[in-house]
Amino acid sequence: VLIVEVPNIDDVLVSVYQIQAYLRFYYQKAHLYYFSKRTLTRVLEEAGFNVTIEGIQRYDLSNHIRWMLTGEPGGQGYYSDIFLSSVNASYADALIQAGRQDTLWAIARLKIK
């Protein structure tokens, strides 16, 4: 079993909002390659695995608004006095349903021949 966690290249901040400061922050040397659900599935299947991939949204609505307003990280929970946890949960669910979450989590099991 192989477990993989990678940033999602289809992250809403990258693919929809296209915040330039975030793009400069996002592309780091720590990540040599970037994957979407489709490309991560393809790579793992070609390597001989059966794959299950789920999306995870680690950062909340406050974080995204702070990126839009300031162009800087550090907004997680910034507006927690305004946004109820249910708002953040709904936002995260919407991003996951749209495939625009920030993180992909893959469980890959080697195919038995």
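Evaluation of the side chain to side chain contact (heavy atoms under 4.5 Å, CB included) rule for L2 yields V4, L44, F49, A108 as partners, not counting sequence neighbours. For E54, the side chain to side chain contact (heavy atoms under 4.5 Å, CB included) criterion is met by no residue, not counting sequence neighbours. Applying the side chain to side chain contact (heavy atoms under 4.5 Å, CB included) test to I53 and every residue at least two apart in sequence or in another chain returns K37, L40, T41, V51, L104, A106. With sequence neighbours excluded, no residue forms a side chain to side chain contact (heavy atoms under 4.5 Å, CB included) with T52.
Counting heavy atoms from C-beta on, the side chains of V14 and Y34 never come closer than 4.5 Å. Looking only at side-chain heavy atoms (C-beta outward), Y26 and L13 stay at 4.5 Å or farther from each other. In this structure, Y59 and Q57 have side chains that are in contact, with non-hydrogen atoms separated by less than 4.5 Å.
Follow the hydrophobic side-chain contacts under 4.5 Å out from V43 and you never reach I3; the two are in separate clusters. In the hydrophobic cluster analysis, where Ile, Leu, Val, Met, Phe, Trp and Tyr join through side-chain heavy atoms closer than 4.5 angstrom, Y27 is grouped apart from Y33. Following chains of ILVMFWY side-chain contacts shorter than 4.5 Å, one cannot reach V87 starting from I96, and the two form parts of different hydrophobic clusters.
Within the structure, every pair that satisfies the side chain to side chain donor-acceptor pair (under 3.5 Å) test and touches residues 2-16, not counting sequence neighbours, is listed here: D11-Y22, S15-R100. Listed by first then second residue, pairs satisfying side chain to side chain donor-acceptor pair (under 3.5 Å) with a partner in residues 74-86 read R66-Y79, not counting sequence neighbours.
Here the side chain of D102 pairs a donor or acceptor atom with the backbone of R58 at under 3.5 angstrom. Remark: the backbone N or O of K111 is not paired with any side-chain donor or acceptor of N50 at under 3.5 angstrom.
Atom CE of M68 sits about 6.5 Å away from atom CD1 of I65, to the nearest 0.5 Å. How far CZ of F83 is from CG of L61: 4.5 Å, rounded to the nearest 0.5 Å. The OH atom of Y17 sits 14.5 Å away from the CH2 atom of W67 when rounded to the nearest 0.5 Å. The line from OG of S90 to CD of Q97 is 11.5 Å long, rounded to the nearest 0.5 Å. Atom CG of L95 is separated from atom OG1 of T103 by 11.0 Å, given to the nearest 0.5 angstrom.
The two residues S62 and G75 have their closest heavy-atom pair at CB-O, 3.3 Å. The two atoms that bring I107 and V1 nearest to each other are CG2-CG1, 4.1 Å, heavy atoms only.
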